[in-house]
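Below: one structure, written as structure tokens.
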Amino acid sequence: MKLIYVFPEPPLPFLGAAARLSHLLLSEAVRRGVDVEAFIEYFDEKDAAALREMFNAPNCRLRLFCAKAVPKNFIRTTRSMLWQGAFLYDGAFVAALEESMRDPEAVLHLETHSACWPGLRYLDRTVINLHYLLNADMRSEKSHGLRVKWNLYRERQMLKTFKYMAAVTPALAEDVSLINPAATIRPVQFGLDLAGYPYSELAATPDRAPNVGMIGSYGWAPTRAAARHLFHLWPLMKQSVKNARLYLVGRGANRILGDEARAADPAARVVENVPDIIPYFHDLDCMVYAPEHASGIKVKILEAFALGVPVVTNQHGIDGIPAVHREHCIVAHTNAELVAGVQFLLENPQAKTRMIQAARKLAEEICAPSHVFDQWLAFYSQMQPSKAAKPRMLAPVPLAAA
């Protein structure tokens, strides 16, 4: 088996969650000596240079395409209306991929919705990895405009097209199977390279108010809804932990929710678009993230586990994460339990320490690159059972430090 990836954004460890997962997958393939080729779209030449340095190995061929160089025209714009992200791919990309797919042992792995279009010619040998389902995420919005309605329809049509799909959580896989019951769909664990997540058991300092809140991207409807749910519960939380301060950090935090956060707590700390999120995690005494109708794995909860931040969530929050209530975090089923969970963690430092240690260990076990990549190899074997999808192995090569 030859493994071919399509990454619609550079697989770099300092970009977003999807890019970090892509980096983990490509790095593990190279380390194992798998014959791998990666088709990558990028916008910044610095990213391209970083990729060339990181993945300079004889068993890894990088095919880099600058998305800014793709000319806009009517056909490409129309294609993107039907297939998410299709505007990224020009004739040179298509021709290069066609050449590589002539190898009868090639398996094509598309990472996220935006990689869908290049795989349409090779459905029998293609798997798309789904990180979310817009049709599930938009349930928290009361009304949808025409653009959103079209995007929901476009997503359903895409899912009905592919024969092989992976999903980052079992619930997401189940939702996708309702749209396309004939497809082969299986959950595959989301991975994190925990070398980039320094664990810290920060003791609360009596001279500052405990920060209770969320870190996330507030342009995403489920995170936005979860933040508003927290605002609704904030008066009860202040009654339980009188000196607590509302804490909201992440992309679009102030622009989208700043006024609402300060209305809930005039002393709220709201910070958006930070260059490095890890110091803000370390300032967070308790993460409260209880989403509703949210598809995909909650990466910020995994990151909180990795970094030593105590978490109060609900069943949606741990979808795809085998966390146990009061062993790794607080898993609440009611608003009262969410409030009580915050109070319990802040008033019981020994129990909090025990939980965050167990949560870090859990993250190390389930997010390990070897564990995640083994699941992918099993899926590739399922796609090509006659050949057992045995990876074409070259000599393993150490990678440059990320």
Side-chain angles (χ1 to χ4, degrees), residues 16-17 20 190 192-205 208-218 223 226-227 229-230 233-234 237 240-241 243-251 253 261 268-272 274-291 294 297-314 316-332 337-367:
R20 294 197 298 274
F190 189 95
L192 287 178
D193 183 355
L194 296 191
Y197 293 89
Y199 176 76
S200 176
E201 295 179 17
L202 295 179
T205 54
R208 77 159 173 84
N211 292 316
V212 177
M214 286 176 53
I215 293 176
S217 178
Y218 301 96
T223 299
H229 188 196
L230 174 60
L233 296 178
W234 191 249
M237 290 185 180
S240 300
V241 186
N243 62 334
R245 177 172 64 169
L246 183 60
Y247 188 82
L248 204 69
V249 178
R251 189 174 302 167
R269 186 182 184 194
V270 183
V271 185
E272 68 179 9
V274 298
D276 182 4
I277 201 68
I278 289 178
Y280 294 90
F281 268 106
H282 285 160
D283 278 346
L284 187 56
D285 296 282
C286 182
M287 172 178 274
V288 183
Y289 186 20
I297 202 160
K298 310 310 172 290
V299 177
K300 288 296 179 282
I301 288 181
L302 271 180
E303 291 178 329
F305 281 10
L307 291 165
V309 178
V311 172
V312 176
T313 185
N314 58 10
H316 288 297
I318 58 168
D319 182 26
I321 307 172
V324 177
H325 174 56
R326 289 215 174 193
E327 180 179 342
H328 306 101
C329 61
I330 298 294
V331 183
E337 290 179 0
L338 287 170
V339 174
V342 173
Q343 182 178 9
F344 175 80
L345 287 172
L346 294 181
E347 294 182 354
N348 294 272
Q350 291 183 340
K352 181 185 76 170
T353 298
R354 186 187 71 248
M355 275 191 239
I356 62 175
Q357 290 174 344
R360 169 71 187 202
K361 183 178 179 181
L362 177 65
E364 290 172 348
E365 292 172 355
I366 66 173
C367 295

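Counting begins at 1 with the first residue of the sequence.
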* Side chain Lys298, main chain His316, donor-acceptor under 3.5 Å -> yes

Are the side chains of [X] and [Y] in touch, meaning some heavy atoms are under 4.5 Å apart?
| X | Y | result |
| --- | --- | --- |
| Leu307 | His282 | yes |
| Leu302 | Cys367 | yes |
| Cys329 | Val312 | no |
| Leu230 | Leu246 | yes |
| Val324 | Leu362 | no |
| Tyr218 | Glu272 | no |
| Asn243 | Pro210 | yes |
| Ser217 | Thr223 | no |

Closest contact, heavy atoms only, [X] versus [Y]:
| X | Y | answer |
| --- | --- | --- |
| Ile301 | Gly317 | CD1-O, 3.3 Å |
| Cys286 | Val342 | SG-CG2, 4.2 Å |
| Met287 | Ala304 | SD-CB, 4.1 Å |
| Arg360 | Ala306 | NH1-O, 2.6 Å |
| Ile215 | Lys300 | O-CG, 3.3 Å |
| Ser240 | Glu347 | O-OE2, 4.0 Å |

* Asked: When you look at CZ of Arg269, are more than 12 heavy atoms from neighbouring residues, nucleotides or ligands closer to it than 6.0 Å?
  -> yes

* Within 6.0 Å of CD in Gln350, more than 12 heavy atoms from elsewhere -> no

Which value, rounded to the nearest 0.5 Å, describes the distance between [X] atom [atom1] and [Y] atom [atom2]?
| X | Y | atom1 | atom2 | answer |
| --- | --- | --- | --- | --- |
| Asp276 | Phe281 | CG | CZ | 10.5 Å |
| His328 | Thr313 | NE2 | OG1 | 14.0 Å |
| Glu337 | Asn314 | CD | CG | 10.5 Å |
| Ile318 | Ile330 | CD1 | CD1 | 11.5 Å |
| Tyr199 | Ile356 | OH | CD1 | 4.0 Å |
| Leu233 | Leu338 | CG | CG | 6.0 Å |

* Asked: Charged N to carboxylate O under 4.0 angstrom, Lys361 versus Glu364?
  -> no

